[in-house]
Every structure is written in C-alpha cells, then in structure tokens.
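Just below is one structure, and these are the notes that go with it.
Order of the sequence lines fixes the chain letters, A, B, ..., with proteins taken first and strands second; residue numbering starts at 1 for each chain.
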Amino acid sequence: MKDSLPQTLEAGVQAAISELYAADGAAQTITLQATRKEFEGEFTVVTFPLTRVAKKKPDEIANDLGVYLKEHIAEVADYNVIKGFLNLVIKDEYWKQFLLDEAAVDGFGQAPKNGETVVVEFSSPNTNKPLHLGHVRNILLGWSASQLLEMAGYDVKKVQIINDRGIAICKSMLAWQLFGEGATPESSGAKPDHFVGGYYVQFEQKFQEEYKQWQQTDEGQAVFQKSAKEGLTPEVFFKGYSKKYFNDYSKLGEQAREMLLKWEANDTEVRALWGKMNGWVYSGFEETYAALGVNFDKLYYESNTYVLGKDMVDKGLEMNVFHTREDGSVFADLTNAKLSEKTLMRADGTSIYITQDLGTARLRYDDFGAKRMLYTVADEQNHHFATLFELLKRLEEPYAAGLYHLSYGMVDLPSGRMKSREGTVVDADDLMKEVIHEARLVSQERASTQGLSQEDQDAIVQQIGMAALKFHIIKVGPQKRMTFDPKESVDMQGQTGPYVQNAYVRTRAVWRKADEKGVDVDLSLAKDYTNLAPAERELINQLYGYPELVKTAAESYDPSLIAMFCYELAKNLHKFWHDHSILSAETPAAVAFRLQLCKAVGNTLQSGMGMLGIQVPERM
RNA sequence: GGCUGUGUAGCUCAACUGGAUAGAGCACUUGACUACGAAUCAAGAGGUUUCAGGUUCGAAUCCUGACACGGUCACCA
C-alpha cells in the first residue's frame, strides 16, 4: 500500500530538515494539519516548533521547506507562507486520480477485516416499562459505535443484557394481578410494553396512596416522632423515608417482596406470570427496535446471569486478590487504585450486582472470544465500571485490557432532568411518531414526492423523520450531557439529518437526469478534466479524509465525528451545486468529472449516514 | 466533604487534541427559484471561551486556585 499524503509530506519535511539544516530530521515530530479554509492549499506545516533545530525564523524555514517540497515531492504543486505557516497546494492530477480510482469506487472507506472481534453492549433495558429518550441516546450511540467498528475492520457482536428480574417487574406483576382483571394487550389495544409499564405506574400510585394514609396512622406518627431529626417537617421527613417504608411497613411492598421470593424459589405460578408479562414487553421492545432500525446478535437475560460470577470470586480468592471477612463476606481492596473497598459476596453467600458483571464478562469472552468489549452505559455509572474493570484486570482476565466504558452524558429536557415520577419522561415510541408526523407535514407541503406510491411516500417520510431525530442526538459528542428540545429535534433545515439527506438526493437526481438525457454522457472523459474549481478541490479533499476519519472515530468510539463530517460534506455539496452546473457544464469532460464527483460524494454520504443508522432516500 | 465531569454567541453544539482573525445551525435582519430539486445558496448582526493567576513563539485547550451546575462515593440494581 502506498503512503498517504500526510505521510509523504511528513517524510518530505523530515528529509528537508536533514538536508537543509544538518539536523536529524527523522527525530522531529512534524506538525501537519489541514489548511484553514481562508487560505490557499490543503495541508499546512507549522514551522514554529522547528526554530530550535533550524536556528532560523519561522518564515524563513517555511520558505526553505516550501522550495524543497515543491522540488522533491511530486504531489506538491505550489506553496505559500503566511506568518510561519507553510501551506501546501496539491496537484490537480493527484486529486483527480484519487477521486476516479478510489473515492468513486464502491466500498470506499471500508477497511479490510482485521480478524478481531469486539462485543458492543447497548440498550439493556428493564422490563417493567417502555423505552424512553435516555434509551434512545444509548441505542443510537451503541449502534453507531458498532457500525463504526465494523467499518474499521472489526467483527462486531451486538449484545444487550435485559434486566428481566427483580423488584421492579414484580411491582408490575403484582399490580396486574391486583387491578388488571385479566386484561391483556390485545384486549386493551395497547402496545404491549406500554401495557405492562402502565401497571408499574399504577403500582407506584397505589403505593403512594397507601403511604399517605399510613403517615396519618399512630404507627406512622410514632415513626416520625422517633426517627425525624429536630426541626424536620413531616413532608420532608416522609419524602426521604419512602424506601424504608416500602421495606418495613408497606403492605404492597410486602406483597411485592413476597413475589420476588417466590420467583427466586421458582414458584410455578409466579414464573408463569413473569414469563407472560415479560413476553409482552419483549414484543413491544421488538417493535421499537425495528422502528429505530437496530438489532442484536445475542441477548443476555439477567435471570440467567445473576447467579454468575461465583467462580470468578473463587478465582480471586485463590489468586489472593480477594479476601474474606470475619462474617464470611468477600471483598477486594481497591484503595491503592483510588477506588474503595468493594464487596463481592454477601456473608450469606449470595452475589451482588458487580459479581454478576464479572461473570457476564467472562461468559461473553467464552461466547465470542472477543478481546475487546464495549459497554454503552450512562456516565452515572462511571465509578461502577472503573471498579469492574479494575477487578477484571486484577483477575488477569485475557480481555481485561480491551474493556471500555462508552460513557455518555444523560439527556435533559429544556425543563430539566427527566423524572419518571413526575411524568416528564419522553417515551421513545411517542417521540418517533412525532418526528415522522412532522416530516409528513413538511413533505406534503413540498409535494416533491407526488406521483410515487403511497407506500414509497410513507417510507420516505419515515426515513426523513428518523434522520432528523437520530442526527440531532448523535451530532453531540457522547461525553456531553445534552439538552434535548423536542421542537429542535424535528427541525429539517440547517444542521440536520434531512439537510444531509437532501444533499444525497441531489447527487442521485443529477444521475437520474443524466440517464433520461440519454447516452451522450461519456464517463471516461472525466480523466481529461483540468483546472479544478475551489469547490471541487474542497469536496475531493474532504473525501480524502474520510477513511482516516473512520479510523479515528472508531478508535475514540465517537460517532459524532461522523455526523459532523457528513454535515460538512453535504454543505460543500450544496455549495458546489449552487456554484456549478453539472449536466450543462462547459465541456463533456467537466460533465463526466462532476458526475463522478457527485457519485463519490453520494456514496460517502450514504456510507457515513449508514453508520449512524440513518438511511438516505433517492427522493424526498 | 473525597473522587469525577461540564462551563464557549440569546439557544443547541463545534474547534483536527497546544496553532493562524474561536466556527456552524437555530432564532433575528436582508437578498437569490423561467437554470441538474429553494429541506438550498449568499450577506448582516451576535464573543473578555465563568473568573484570577501561571507555563511559551502561541492557551478555549496544559498547570494552580476560586466560582457555578451535574454525577458518584451500598453487603441496591
């Protein structure tokens, strides 16, 4: 494989240093960056760091290097120097060849398989309520990261762990038993996961009622007198006491816990109910996943994995990285890694959350042999994953070095944090419905897809709506806590998914038009085109950076980089479109060349957006 | 309180990891459809990058210290 342009240039600069300044050029790190838009050229060498070796002023160095590179490097057409920055202009011929031989060829940007497997976990919902906006960000991030890794050459396994057991689902089950009167999703017409979620909400309501009443009883008053600190009002005290009440006094709480115990004891009736209600939830989830356009290679269920990890604990004890306390509980001392002491096994021998994560990690390794594993989980669990990874490292697990927590900031609404208790949670299904509805309105207004079948129109409208939503979420860097304004998420102008889609549609429209026009377009003439216009150079230069960007984005697990790239590319395409005529260009060579350019840009947009889970329509 | 993240235009976000005059979009003002699609393009206005020091040719970025807002510190999941 031949050297990339930056590599060639860097080597050239190093050679120049050796030759011109009698210094060890190879030892110098060269600062090479993309030239800023307002200057001529594509690559820029920053000469300030070289003043020491060269013993000259930055401008002089830049000139020396410019002369040298123009003479010795075939690809360099010209250079200019501005304030110590050496801007290099690459020959048209090079860009032209790159476009025709690489960028316009199918599969551009796809790295060859590297033989490595990576497991990506995302979504991982609870089964007691439907998916919401927070899950949407998680899913889009995890999905995009997995697509990115595939593009970068990895074999990717997408997994989720479903939290299908525990007190939460028991609450839903109990509420259904007490108040459901045998209703089913079919009988009620509700989407099944929403149906189950409704009972969870109902449980909470009934629980609150029960709690309120109890506060007035003698028992409640006695607890307040005994436990409340000086000066606390009953309201404040009871607000913080809710959990304790649930565990120690609540009738509903007792029933729910009883159900959990029965579940753990494998009670046939409880298990049957559990299976039935979770089944409903899964069919609902499947619908949502399909609408989001995501799928998984393997599902793990907590009901199967929550007992895992005990052998890991044994291993840790054997290796002397875990220790036993007097009461029999097991812990690891991580204080020398700036983490705390972590318990891994209760005195009664039951395991806890992190223990099953240890076991699950091992299970996945056994399943896939992956030495890299990604966990897409919100940043509130940073501490948990730091602990988990440290433990696995100490256990000397073979995949420990490849563990990565794809941590992301939570999603806020303009009104503040989403709170299920206050009913401010934005439901995933509602959200999708809303953006598609909005896309339909806009589409009808434009009437640009008239003449297509209703089916096709529906498909397009859905693609547009989902593009708006997905792009809006994914363009924000993962680490950043983001504010989600529903009004902005349905925007279709400016820095949005539909804007990018529109650029793609244009690249396709011009080809359709060319076909209609007939056979008088000779594509082979493209190579005869000369004098690239600035807008053309800009586009090709940008395409040139795509494979490298994919690599960078994959290495940093950051799909927002791809989103921004797609936007910039679309923007330049729009500008090019506006400035230049394609089918009625000056010469047949120009027509052919620009068609190829459109094709390359279109393919790249499709590829980039595809990684974000966004489809690009032929018309819109 | 310890650890940790964030703080950039009215709002939502960028800034190639220390480089040039801090960039986009939305909103606001103005211009461009008889031209391959106006979900577009062009122009205007909008900034002491929270504050104060420091490091150097050069700081939104690194260091120190404040301030503000999150997260987290269970033998919960």
Sort by first number and list every stem of RNA chain B: at least 3 consecutive Watson-Crick or G-U wobble pairs, both distances under 3.5 Å. B:1-7 with B:67-73, B:10-13 with B:23-26, B:28-32 with B:40-44, B:50-54 with B:62-66
Side chain of [X] only, heavy atoms from C-beta on: which candidate in [options] is closest?
X      : options                : result
A:P498 : B:rA39, B:rU72, B:rC36 : B:rA39
A:R446 : B:rA77, B:rC36, B:rA39 : B:rA39
A:M482 : B:rC13, B:rA77, B:rU72 : B:rC13
A:H384 : B:rC75, B:rA77, B:rA14 : B:rA77
A:V476 : B:rA39, B:rA77, B:rC13 : B:rC13
A:K575 : B:rG70, B:rC75, B:rA42 : B:rA42
A:R325 : B:rA77, B:rC36, B:rC75 : B:rC75

If you measure from the [atom1] atom in [N] to the same atom in [M], how many Å do you get, rounded?
N      : M      : atom1 : value
B:rU6  : B:rG19 : C1'   : 25 Å
B:rU21 : B:rC26 : P     : 27 Å
B:rG46 : B:rC28 : C1'   : 10 Å
B:rU49 : B:rA9  : C1'   : 10 Å
B:rA27 : B:rG23 : P     : 22 Å
B:rA14 : B:rA24 : C1'   : 7 Å

Would you indicate what [X] reaches in the nucleic acid, counting non-hydrogen atoms under 4.0 angstrom: base, sugar-phosphate, or nothing?
X      : value
A:L344 : nothing
A:G545 : nothing
A:S329 : base
A:V330 : nothing
A:I352 : sugar-phosphate

Need to verify one output field. Residue with the more 5' nearest nucleotide on RNA chain B, A:K338 or A:E341? A:K338
Tell me which of A:D348 and A:D379 sits closer to the 5' end of RNA chain B, going by the nucleotide each one is nearest to. A:D379
Base contacts versus sugar-phosphate-only contacts with protein, heavy atoms under 4.0 Å: please encode nucleotides 19-31 of chain B as B, S and - from 5' to 3'. BBS-SSSS-----
Around atom CD of A:E538, are there more than 12 heavy atoms of other residues, nucleotides or ligands at under 6.0 Å?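 Result for CD/A:E538: enclosed.
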Respond yes when some side-chain nitrogen or oxygen of [X] is under 4.0 Å from OP1 or OP2 of [N], and no when none is.
X      : N      : value
A:R417 : B:rG71 : yes
A:W577 : B:rA38 : yes
A:Y499 : B:rA38 : no
A:R481 : B:rC69 : no
A:Q479 : B:rU6  : yes

Measure from [atom1] on [X] to [atom2] on [N] and round the result to the nearest Å.
X      : N      : atom1 : atom2 : result
A:K480 : B:rA14 : NZ    : C1'   : 9 Å
A:F576 : B:rG37 : CZ    : P     : 14 Å
A:D515 : B:rC36 : CG    : C1'   : 13 Å
A:R619 : B:rU40 : CZ    : P     : 20 Å
A:Y557 : B:rU17 : OH    : P     : 19 Å
A:I460 : B:rA39 : CD1   : P     : 14 Å
A:L308 : B:rA77 : CG    : C1'   : 16 Å
A:I562 : B:rA14 : CD1   : P     : 15 Å

In Å and rounded to the nearest 0.5 Å, what is the OG to CD distance from A:S443 to A:Q450?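 CD of A:Q450 is found 9.0 Å from OG of A:S443.
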Look up atom OG in A:S250 and atom CD in A:E254, then write down how far apart they are to the nearest 0.5 Å. 8.5 Å
For a quick check, tell me whether the side chain of A:D485 and the base of B:rC11 share a donor-acceptor pair closer than 3.5 Å.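 No, the side chain and the base share no sub-3.5 Å donor-acceptor pair.
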Could you walk me through whether A:T127 and A:N278 satisfy the side chain to side chain donor-acceptor pair (under 3.5 Å) test, starting with their C-alpha distance in whole Å, then the side-chain angles of each, then the deciding distance to 0.1 Å, before giving a yes or no? CA-CA 6 Å; A:T127 57; A:N278 271 346; 2.9 Å; yes
Cut-off 3.5 Å, side chains only: do [X] and [Y] have a donor facing an acceptor?
X      : Y      : value
A:T35  : A:T44  : yes
A:Y504 : A:E618 : yes
A:N128 : A:S172 : no

State whether [X] and [Y] are salt-bridged, where the test is any N-O pair (Lys NZ or Arg NE/NH1/NH2 against Asp/Glu carboxylate O) under 4.0 Å.
X      : Y      : value
A:K310 : A:D314 : no
A:R594 : A:E586 : yes
A:E380 : A:R417 : yes

Backbone N or O of A:V377 within a donor-acceptor pair of the A:H405 side chain at under 3.5 Å? yes
Angle class for the A:F331/A:H323 ring planes (parallel below 30°, perpendicular above 60°, tilted otherwise)? tilted
